[in-house]
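Here the structure is laid out as structure tokens; the discussion comes afterwards.
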Amino acid sequence: MSVVEQYARARIVTDADVQEDQGTIPVVLRYDSAADPRVVSIGLPGGQARSFPRDLLERGLRAPTGTGEVRVWPCGRVQTVIEVHSAQGASVVQIESKALLRFLRRTYMAVEPVPH
């Protein structure tokens, strides 16, 4: 069993967000190979977390990818954007690409990817 955690900073914008820009917030990138070797999660303050396919985040570092409720794309050379649609509305997470790449590399060192 391998667990990889890394702290990062992210900016989150939602449809429900009518407040002024709150800037960046701390998030926890987490991978647990025993739970599901194909999934990583982003933990937000207050205990909320959202899970994403690890390969989707990896592809989104290089080019726009995803369909349906989750889309990921590079935003310039510095940021990666994760857009999530649900019945409650849309949320956009902007995270530093270098931090996300460093985290994903660590997850692959922990365990090899599982074929689909």
Side-chain angles (χ1 to χ4, degrees):
M1 174 173 101
S2 292
V3 175
V4 176
E5 284 190 347
Q6 179 177 312
Y7 293 89
R9 305 232 13 116
R11 182 166 182 250
I12 300 176
V13 180
T14 69
D15 283 350
D17 189 11
V18 294
Q19 305 170 13
E20 290 184 29
D21 184 3
Q22 299 296 311
T24 60
I25 61 168
V27 296
V28 178
L29 305 172
R30 188 169 199 279
Y31 173 75
D32 183 349
S33 65
D36 188 341
R38 296 169 294 202
V39 174
V40 299
S41 66
I42 298 177
L44 306 173
Q48 298 176 352
R50 177 72 192 218
S51 296
F52 301 96
R54 179 170 61 160
D55 64 332
L56 178 73
L57 295 179
E58 182 182 11
R59 288 190 319 264
L61 285 165
R62 295 183 303 271
T65 190
T67 59
E69 71 177 48
V70 179
R71 294 183 177 100
V72 183
W73 66 90
C75 182
R77 299 168 82 197
V78 178
Q79 300 287 317
T80 298
V81 174
I82 305 165
E83 181 179 23
V84 180
H85 293 267
S86 68
Q88 292 76 33
S91 297
V92 174
V93 177
Q94 295 175 321
I95 191 165
E96 183 182 302
S97 297
K98 284 183 182 180
L100 183 57
L101 179 60
R102 190 169 38 251
F103 168 73
L104 290 172
R105 283 182 179 161
R106 289 178 60 213
T107 70
Y108 284 111
M109 289 178 4
V111 68
E112 288 299 312
V114 175
H116 297 273

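Each residue takes its place number in the sequence, starting with 1.
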* Between F103 and L101, is there a shared hydrophobic cluster once you connect ILVMFWY residues whose side-chain heavy atoms come closer than 4.5 Å? -> yes
* Would you please say whether a donor-acceptor pair under 3.5 Å links the side chains of Y31 and Q6? => no
* Asked: Shortest non-hydrogen contact from R54 to L104?
  -> CG-CD2, 3.8 Å
* **Sequence neighbours excluded - salt bridge (charged side-chain N to carboxylate O under 4.0 Å, His left out) pairs with any residue from residues 90-100** => none
* side chain to side chain donor-acceptor pair (under 3.5 Å) involving E5 - partner list, sequence neighbours excluded -> R30
* To do: Mind jotting down which residue pairs meet the side chain to side chain donor-acceptor pair (under 3.5 Å) criterion with at least one end in residues 70-81? Sequence neighbours excluded, please.
  => T80-S97
* ILVMFWY network linking V4 to V28, side-chain heavy atoms under 4.5 angstrom -> no
* Any side-chain heavy-atom pair from P74 and P64 closer than 4.5 angstrom? -> yes
* Spacing of L100 atom CG and L57 atom CG [to the nearest 0.5 Å] -> 5.5 Å
* Remaining members of hydrophobic cluster (4.5 Å side-chain criterion), V78 -> none
* Asked: How many angstroms lie between CZ in R38 and CG in D55, if you round to the nearest 0.5 Å?
  -> 9.5 Å
* To do: Provide the closest heavy-atom pair for L29 versus A99 in the form atom of the first, atom of the second, distance.
  => CD1-O, 4.3 Å
* Between CD of E58 and OG1 of T107, what distance do you get to the nearest 0.5 Å? -> 8.0 Å
* For E83, check side chain to side chain donor-acceptor pair (under 3.5 Å) against everything at least two apart and list the hits. => H85
* Could you tell me which residues satisfy side chain to side chain contact (heavy atoms under 4.5 Å, CB included) with V93, sequence neighbours excluded, listed by chain and number? => A10, I12, I82
Using a 3.5 Å cut-off and no angle test, enumerate the donor-acceptor pairs between side-chain atoms of residues 39-53 and protein atoms at least two apart in sequence or in another chain.
residue	atom	partner	partner atom	Å
R50	NH2	E69	OE2	2.7

* For R9, what residues pass the side chain to side chain donor-acceptor pair (under 3.5 Å) criterion, not counting sequence neighbours? -> T24
